[in-house]
Amino acid sequence: MALIGSPYDLRVSLGEHVPEMDMRKALETGELGFVHSFTTGSAVDGPGVRIVAWLAGCQFRCGYCHNPDTWKITNGIPVPLSRAVEQIKKYRHDLQTMKGGLTISGGEPLVQHRFVLNVFKAAKEMGVHTALDSNGFLGDRLADADLAMIDLVLLDLKAMTPDLHRRLTGMDNAPIHQFARRLAAAKRPIWVRFVLIPGWTDDMAEIERIAAFAAGLGNVERIDVLPFHQMGRFKWEKLGMDYQLLNTKPPSRETTEEAIGKFRAAGLKAF
Ligand code: SF4
């Protein structure tokens, strides 16, 4: 199975042949990762031009997820650490020239935190910039020393109000805030990602609360407001899952600008 592919490809059951014992060992040692897809030439997943590994496995159940096939770790392709490191070696000079690096995204990469740390360690040894695109919930899996392996965290902030966050994702948001504060204390930069969804996350008072939290951290370098889109709809349909956002439209330009304005009003760089 070719590793290169778009996160918008539907991928299922590619790791199901891996025996349970080997799967457990992979999670403990990080010698094997389950990878949904791998892309090159990204200009939107951190600074410069980047390669991006999209890992399988996520504990959230966001109703608007555009990659629900990444939820199950066994939907990913089993990739030995050595092969992942080879890929970085192949691109490292180009990445340095283009002031980019490696981003690990998902799914939720910290479901496979040992693999992530092994890959980041190898990247850092090659002088490649590392970015982790995470929902932050499993941040306590990273020791303080591990944070030094991560040059940038792209952190999803979905909602501040706990009930709303639970409705959106199925999970509590306190661990995310704790992780963000730890990153701030360790002076590791954060770029916040906020998905703007009409009827779900477009309450401007709630956006102001997110902006106040992000601004208070002191290490948030930028905010990206990501307008909701329907590119993942076909996956929900193909997987036979109940997609509650079937008829939700992308936000208007005015609403998007208003949301960006809320972040800017809190003193943040927002786009
Ligand atoms: S955290 Fe990301 S990958 Fe996980 S369910 Fe939510 S949107 Fe999907």
Side-chain angles (χ1 to χ4, degrees), residues 5-12 14-15 33-39 42 44-46 52-77 103-113 115-116 131-142 153-180 190-202 210 224-246 248 250-251:
S6 159
Y8 292 107
D9 295 342
L10 178 72
R11 295 192 157 178
V12 289
L14 300 174
F34 292 79
V35 181
H36 177 275
S37 44
F38 175 73
T39 54
S42 166
V44 294
D45 296 294
V52 186
W54 310 83
L55 302 197
C58 187
Q59 75 291 55
F60 278 23
R61 293 294 176 260
C62 303
Y64 56 87
C65 182
H66 53 249
N67 285 321
D69 54 333
T70 63
W71 292 359
K72 263 177 86 176
I73 195 165
T74 49
N75 281 348
I77 308 165
T103 299
I104 303 189
S105 183
E108 170 46 51
L110 293 183
V111 169
Q112 303 185 59
H113 71 292
F115 182 71
V116 170
L132 175 76
D133 178 12
S134 172
N135 64 32
F137 188 83
L138 298 175
D140 64 357
R141 288 188 171 186
L142 302 178
V153 176
L154 307 173
L155 185 67
D156 300 332
L157 291 183
K158 298 164 193 289
M160 285 308 291
T161 306
D163 277 356
L164 176 61
H165 193 272
R166 248 176 258 119
R167 250 181 292 137
L168 288 170
T169 69
M171 304 296 274
D172 196 17
N173 58 3
I176 302 164
H177 301 159
Q178 207 180 325
F179 182 49
I190 293 177
W191 290 12
V192 166
R193 300 181 135 186
F194 170 71
V195 183
L196 181 63
I197 314 161
W200 291 65
T201 65
D202 59 349
I210 298 173
D224 286 290
V225 174
L226 308 175
F228 168 74
H229 57 69
Q230 284 286 8
M231 283 169 76
R233 182 164 73 185
F234 84 100
K235 289 193 176 185
W236 288 80
E237 286 164 1
K238 289 235 159 145
L239 293 168
M241 293 163 67
D242 176 26
Y243 185 43
Q244 293 177 53
L245 281 82
L246 197 62
T248 303

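Each ligand, and each atom within it, is numbered from 1 in the order the structure gives. Residue numbers count from 1 along this sequence.
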Practice problem: Apply ring pair (Phe, Tyr, Trp, His ring centres under 6.0 Å) to the pair Phe137 and Phe60, showing each step before the final yes or no. | Solution: CA-CA 9 Å; Phe137 188 83; Phe60 278 23; 5.7 Å; yes
Quiz item: Do Leu55 and Thr70 touch side chain to side chain, with heavy atoms closer than 4.5 Å?
Solution: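 No, too far: nothing below the 4.5 Å cut-off.
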Quiz item: Hey, does Phe194 have a side-chain heavy atom less than 4.5 Å from the side chain of Ile210?
Solution: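 Side chain of Ile210 against side chain of Phe194, heavy atoms only: contact under 4.5 Å found.
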Self-check item: Under 3.5 Å: donor-acceptor pair, side chain of Arg141, backbone of Leu110
Solution: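 Yes, Arg141 side chain to Leu110 backbone: donor-acceptor pair under 3.5 Å.
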Quiz item: Within less than 2.8 Å of atom 4 (Fe) of ligand 1, any N, O or S from Cys65?
Solution: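 No, Cys65 does not qualify, because none of its backbone or side-chain N, O or S atoms lies under 2.8 Å.
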Just which atoms of ligand 1 are under 4.0 Å from any heavy atom in [X]?
X: Phe60; value: 1 (S), 4 (Fe), 5 (S), 6 (Fe)
X: Cys58; value: 1 (S), 3 (S), 4 (Fe), 5 (S)
X: Asn135; value: 1 (S)

Quiz item: Is it the side chain (CB and beyond), the backbone, both or neither of Cys62 that lies under 4.0 Å from ligand 1, heavy atoms counted?
Solution: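 It is both parts that get close, each with some atom under 4.0 Å.
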Practice problem: Decide, yes or no, whether a salt bridge links Asp69 with Lys235 under the criterion of side-chain N to carboxylate O below 4.0 Å. | Solution: yes
Practice problem: Please work out which of Lys158, Glu108, His66 has its closest non-hydrogen atom nearest to atom 2 (Fe) of ligand 1. | Solution: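 The option holding the nearest heavy atom is Lys158.
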Quiz item: Should Trp236 and Gln244 be marked as a side chain to side chain contact (heavy atoms under 4.5 Å, CB included) after you check the CA-CA gap, both sets of side-chain angles, and the distance that decides it?
Solution: CA-CA 10 Å; Trp236 288 80; Gln244 293 177 53; over 6 Å; no
Practice problem: Give the residue and atom name of whichever protein heavy atom lies nearest to atom 5 (S) of ligand 1, and the separation in Å to one decimal. | Solution: Trp71 NE1, 3.2 Å
